[in-house]
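The analysis underlying the following values was restricted to heavy atoms, covering all of them including side chains, and did not include hydrogens, waters or symmetry mates. Chain letters run A, B, ... following the sequence lines, proteins first, then strands; residues in each count from 1. What you are looking at is a predicted structure, and each value in this text was computed from that prediction instead of being measured.
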Number of protein chains: 2
Amino acid sequence: MSSVKEVAKRAGVSSATVSRVLNKDPAVKPETRNKVLQIIRELNYKPNLMAKNLRKQSSKTIVMVLPTMANPFFAGIARGAQAAISQSGYNVIIGTTEFDKLQLSTYVNLLNTNLADGLILVSSNMPKEALRQLAKQHPVVLCNEYYDDLDIQSVSINNRQAGYDATCELLGRGYRSIGYITGTRESSSLLGRMSGYREALQEAGIAFNANLVAKAKSNYEQVIEVVNSIADKEKSIEGIIANSDMLASYILKGIKEGEIRLPGHVGLISFDGTFLSEVMNPALSTVAQPMYDLGFSSVGLLLQKLRNKPETADKRLFLPHRLIVRET
Amino acid sequence: MSSVKEVAKRAGVSSATVSRVLNKDPAVKPETRNKVLQIIRELNYKPNLMAKNLRKQSSKTIVMVLPTMANPFFAGIARGAQAAISQSGYNVIIGTTEFDKLQLSTYVNLLNTNLADGLILVSSNMPKEALRQLAKQHPVVLCNEYYDDLDIQSVSINNRQAGYDATCELLGRGYRSIGYITGTRESSSLLGRMSGYREALQEAGIAFNANLVAKAKSNYEQVIEVVNSIADKEKSIEGIIANSDMLASYILKGIKEGEIRLPGHVGLISFDGTFLSEVMNPALSTVAQPMYDLGFSSVGLLLQKLRNKPETADKRLFLPHRLIVRET
DNA sequence: CTGAAAGCGCTTACAG
DNA sequence: CTGAAAGCGCTTACAG
């Protein structure tokens, strides 16, 4: 493995000059530059970026932490992130917590040990205080979640509006008893959607009914159980909003298998708009999120921070969602 | 940000001693160690791993390159990889090529610039010669693919056997005209499966019919077109093997939408066994691959190489697959 | 058991 | 336009 030193020796110049050529310093005389470039080619020299990064005090690496890759929604966000980073000169370490709180510290440690320059937290349920502390010390961008009282840049859809839109669709079909199935995580996005849900109900003159709302872990058995328990309590249920395509796909399967006992036809709208929603039978009505753009923008905003560009005015970036009505 | 130097000063010792404490050198006197550890806690000192890695000439990072996260099969492999790396002291950069050949060089460059120590190529279609060169210079592990004449460690299922098993299942139902739909990529895994397919046909006394085999890009329209073109040529088609759950899900959708014109009922078996196969309606029969273990083992083998452990005897690790017969 | 010194491979302020 | 020297923050062979 050759080094600047070796290139320098062979080119008859100093290491400083080689470094200048490498960094496209225009001050270098053309002849010198060409000589150096030729030697670089001859030796097939590649700079050691660990050394460069140490010297420059930057790892040129960012971290994106997602709950899991098992949900295509998050996989879509990761794709957007990859695309955004690809020509930037940065690398991205994509990590998942798999819903295990301990894991997050692993990734935060990358910041503390100078292995990463910034962090994107996707659908993180990190406590607000911890988040505040973290963002004080390192560049952080939130994806999908946001806190009005925290000065952290975020990217997401307008969840209140999205919840409102989904509910209105079901109300528009004449349904008055509408359930809401969520995952087990408390989150600002869920709160937003729930407030839109309540708002739409209120406008329709329907009282909020806590019996119609329930949490389920993201596995088939739990979802079946939870939907049945709602249906048992509220025989008149006509519609269900599922907080993700994954949840909705389990519900659909449960209905088909006869394991979910619903009183009759029930309208179903989910969130995310992954390919799952297209491919299911019946095809899912869903509030599509711009997964790719969510990931892409998150990276864009973080890079902007890292490069000390003047920040965009808004601390919160809202990307448009889109209600897609299909068969459910 | 504090450094070993600062810790050393405050603890009244040299940097060397601080470093020894950090690295759990047993030679350090207990009193000294405790004093140092106390200062480390007081200052909340975290070592700069860029510096450490430069000195140790290892990035403690590996790269896993996958075709895309959009396919849950690859997402499953990534999950296994994450799990395997988590307690290892290494980090993994997970990259996707999104079927763009140029992208791969980005990740290979991480090796050349000392930003990564080793590489896992998942379902890579890198040309064999390039692969040989690469593996000469860097630790490489292949996942899903393998080359008998290349001395590179690999992890995969036994694709010949898997193709054989899938075909036998359809033959066992009495079908004699069985199609095979693949993606557009040439690969050793596909060749393996095809040879199992042909072997099973031959054993059943059925001549191989090239009209029944076709490639499609992984998008709905292409799959519809390709399946229809086979069905047009071979009116008697009774069974289809799809090279992935993704392909099969498009076929199912095409049938349901009436866009695929099949002569009658057709048996369908896919590969992978992602959650898609469970959740589709009808539920897919599939040759399940141990996604998680494929990712996990790939990382395990690469770490073994990096740590200079004596390598396991076999260059090829075959993990078991499992035929799951559901509704299709 | 511990320290002084060298060095990993870069970059850059300074001097000329 | 270019070089000598210092330094990023660690680790380790050597000496004592």
Side-chain angles (χ1 to χ4, degrees), chain A residues 1-40 43-61 89 91 109-117, chain B residues 1-40 43-61 89 91 109-117:
Chain A
M1 217 50 192
S2 39
S3 65
V4 270
K5 213 167 169 179
E6 188 169 344
V7 174
K9 194 164 63 180
R10 299 225 195 178
V13 299
S14 73
S15 303
T17 297
V18 174
S19 175
R20 289 192 188 100
V21 170
L22 250 17
N23 291 287
K24 307 198 195 312
D25 184 334
V28 181
K29 198 161 40 155
E31 297 96 280
T32 315
R33 175 194 321 285
N34 289 334
K35 179 67 185 162
V36 170
L37 286 176
Q38 188 192 330
I39 302 292
I40 286 176
L43 294 180
N44 190 27
Y45 164 76
K46 306 278 181 193
N48 181 325
L49 294 188
M50 277 200 295
K52 172 169 184 164
N53 290 343
L54 172 62
R55 178 56 227 249
K56 302 283 280 286
Q57 294 288 74
S58 145
S59 65
K60 289 281 181 181
T61 300
N91 291 111
N109 251 327
L110 294 176
L111 295 171
N112 290 325
T113 56
N114 298 56
L115 249 30
D117 299 342
Chain B
M1 217 50 191
S2 38
S3 64
V4 269
K5 213 169 170 179
E6 188 171 343
V7 174
K9 195 165 60 178
R10 298 226 195 178
V13 299
S14 72
S15 303
T17 298
V18 174
S19 176
R20 289 192 187 102
V21 170
L22 251 17
N23 292 289
K24 308 200 195 311
D25 183 335
V28 182
K29 198 163 41 156
E31 297 96 279
T32 315
R33 176 195 320 285
N34 289 334
K35 179 66 185 161
V36 170
L37 286 175
Q38 187 192 329
I39 302 292
I40 285 177
L43 294 180
N44 189 28
Y45 164 77
K46 306 278 181 191
N48 182 324
L49 294 187
M50 278 200 295
K52 173 169 184 164
N53 290 344
L54 173 61
R55 178 56 227 251
K56 302 283 281 285
Q57 293 288 75
S58 146
S59 64
K60 288 282 180 179
T61 299
N91 291 110
N109 251 325
L110 295 176
L111 294 171
N112 291 325
T113 56
N114 299 56
L115 249 30
D117 300 342

K.L.:
What residues, two or more places apart in sequence or in another chain, satisfy salt bridge (charged side-chain N to carboxylate O under 4.0 Å, His left out) together with B/Arg10?
P.N.:
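Salt bridge (charged side-chain N to carboxylate O under 4.0 Å, His left out) list for B/Arg10, sorted by chain: B/Glu6.
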K.L.:
Are any of the side-chain heavy atoms of A/Leu22 and A/Val4 separated by less than 4.5 Å?
P.N.:
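Yes, side chains in contact.
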K.L.:
Between A/Leu54 (CG) and C/dG9 (P), how many Å, whole number?
P.N.:
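For the pair A/Leu54 CG and C/dG9 P, the rounded distance is 12 Å.
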K.L.:
Which residues pass the side chain to side chain donor-acceptor pair (under 3.5 Å) test with A/Ser59, sequence neighbours left out?
P.N.:
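Here the qualifying residues are A/Asp117.
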K.L.:
Which heavy atom of B/Asn114 sits nearest a heavy atom of A/Met50, and at what distance?
P.N.:
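Answer, listing the atom of B/Asn114 first, then A/Met50: O-CG, 3.4 Å.
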K.L.:
Please tabulate the protein-to-nucleotide N/O contacts below 3.5 Å involving nucleotides 3-6 of chain C, giving atom names and distances.
P.N.:
from, atom 1, to, atom 2, distance (Å)
C/dG3, OP2, B/Ser14, N, 3.0
C/dG3, OP2, B/Ser14, OG, 3.0
C/dG3, OP2, B/Thr17, OG1, 2.5
C/dG3, N7, B/Arg20, NH1, 3.3
C/dG3, O6, B/Arg20, NH2, 2.4

K.L.:
What is the distance, rounded to the nearest whole Å, between atom CG of B/Asn53 and atom P of C/dG9?
P.N.:
14 Å
K.L.:
Quick one: B/Leu49 CG to D/dG9 P, roughly how many Å, whole number?
P.N.:
13 Å
K.L.:
Atom CG in B/Leu110, atom OG1 in B/Thr61: separation rounded to 0.5 Å?
P.N.:
9.0 Å
K.L.:
Would you mind reading off the distance between B/Asn112 atom CG and C/dG9 atom P, rounded to a whole angstrom?
P.N.:
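B/Asn112 atom CG is separated from C/dG9 atom P by 15 Å.
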K.L.:
May I ask you to list the residues of residues 21-34 of chain A, by number, that have any heavy atom positioned under 4.0 Å from an atom of DNA chain C?
P.N.:
A/Asn23
K.L.:
Only counting residues at least two apart or in another chain, list the ones meeting side-chain contact (heavy atoms from CB on, under 4.5 Å) with B/Lys56.
P.N.:
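B/Lys56: side-chain contact (heavy atoms from CB on, under 4.5 Å) contacts with B/Lys52.
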K.L.:
Report the residues that fulfil side-chain contact (heavy atoms from CB on, under 4.5 Å) with B/Val7, sequence neighbours left out, ordered by chain and then residue number.
P.N.:
B/Val18, B/Val36, B/Ile39, B/Ile40, B/Leu43, B/Tyr45
K.L.:
Expressed in angstrom and rounded to an integer, what is the separation of A/Met50 atom CE from C/dG9 atom P?
P.N.:
9 Å
K.L.:
The side chain of A/Ser3 lies closest to which of these nucleotides: D/dT11, C/dG9, D/dC10?
P.N.:
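Looking only at side-chain atoms, A/Ser3 lies closest to C/dG9.
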K.L.:
What integer distance in Å separates A/Asp117:CG from D/dC8:P?
P.N.:
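Interatomic distance, CG of A/Asp117 to P of D/dC8: 18 Å.
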K.L.:
Is any side-chain heavy atom of A/Leu54 closer than 4.5 Å to a side-chain heavy atom of B/Asn48?
P.N.:
yes
K.L.:
From CG of A/Leu115 over to C1' of D/dC10, roughly how many Å is that when rounded to an integer?
P.N.:
13 Å
K.L.:
Does B/Lys5 have any side-chain contact (heavy atoms from CB on, under 4.5 Å) partners at least two apart in sequence or in another chain, and if so, which?
P.N.:
B/Ser3, B/Ser15
K.L.:
Which value, in whole Å, describes the distance between the P atoms of nucleotides D/dC10 and D/dC14?
P.N.:
24 Å
K.L.:
What nucleotide among C/dC10, D/dT11, D/dC10 has an atom nearest to a side-chain atom of B/Lys56?
P.N.:
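Comparing C/dC10, D/dT11, D/dC10 against the side chain of B/Lys56, the answer is D/dT11.
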K.L.:
State which residues pass salt bridge (charged side-chain N to carboxylate O under 4.0 Å, His left out) with A/Arg55; sequence neighbours excluded, sorted by chain then number.
P.N.:
none
K.L.:
Tell me which nucleotide among D/dT11, D/dC8, C/dT11 gets nearest to the side chain of B/Ser19.
P.N.:
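In terms of side-chain proximity for B/Ser19, the closest of D/dT11, D/dC8, C/dT11 is D/dT11.
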K.L.:
Ignoring backbone atoms, establish whether B/Gln57 has a side-chain N or O less than 4.0 Å from OP1 or OP2 of C/dG7.
P.N.:
no
K.L.:
Measure OH/B/Tyr45 against C1'/D/dC10 and give the value in whole Å, please.
P.N.:
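My rounded result for the distance is 7 Å.
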K.L.:
With rounding to the closest Å, how many angstrom separate the P atoms on C/dA6 and C/dT2?
P.N.:
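Here C/dA6 and C/dT2 have their P atoms 23 Å from each other.
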K.L.:
Table please: side-chain donor-acceptor pairs of residues 24-34 of chain B below 3.5 Å, with sequence neighbours left out.
P.N.:
from, atom 1, to, atom 2, distance (Å)
B/Asp25, OD1, B/Ala27, N, 2.8
B/Arg33, NH2, B/Val28, O, 3.2
B/Asn34, ND2, B/Pro30, O, 3.3

K.L.:
Taking only residues two or more places apart in sequence or in another chain, which ones pass side chain to side chain donor-acceptor pair (under 3.5 Å) with B/Gln57?
P.N.:
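Result, side chain to side chain donor-acceptor pair (under 3.5 Å) vs B/Gln57: none returned.
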K.L.:
Give the dot-bracket string for DNA chain D, reading 5' to 3', where a pair is Watson-Crick or G-U wobble with both distances under 3.5 Å, ( ) marks pairs inside the strand, [ ] marks pairs crossing earlier ones, | marks a partner on another strand, and . marks unpaired.
P.N.:
|||.||||||||.|||
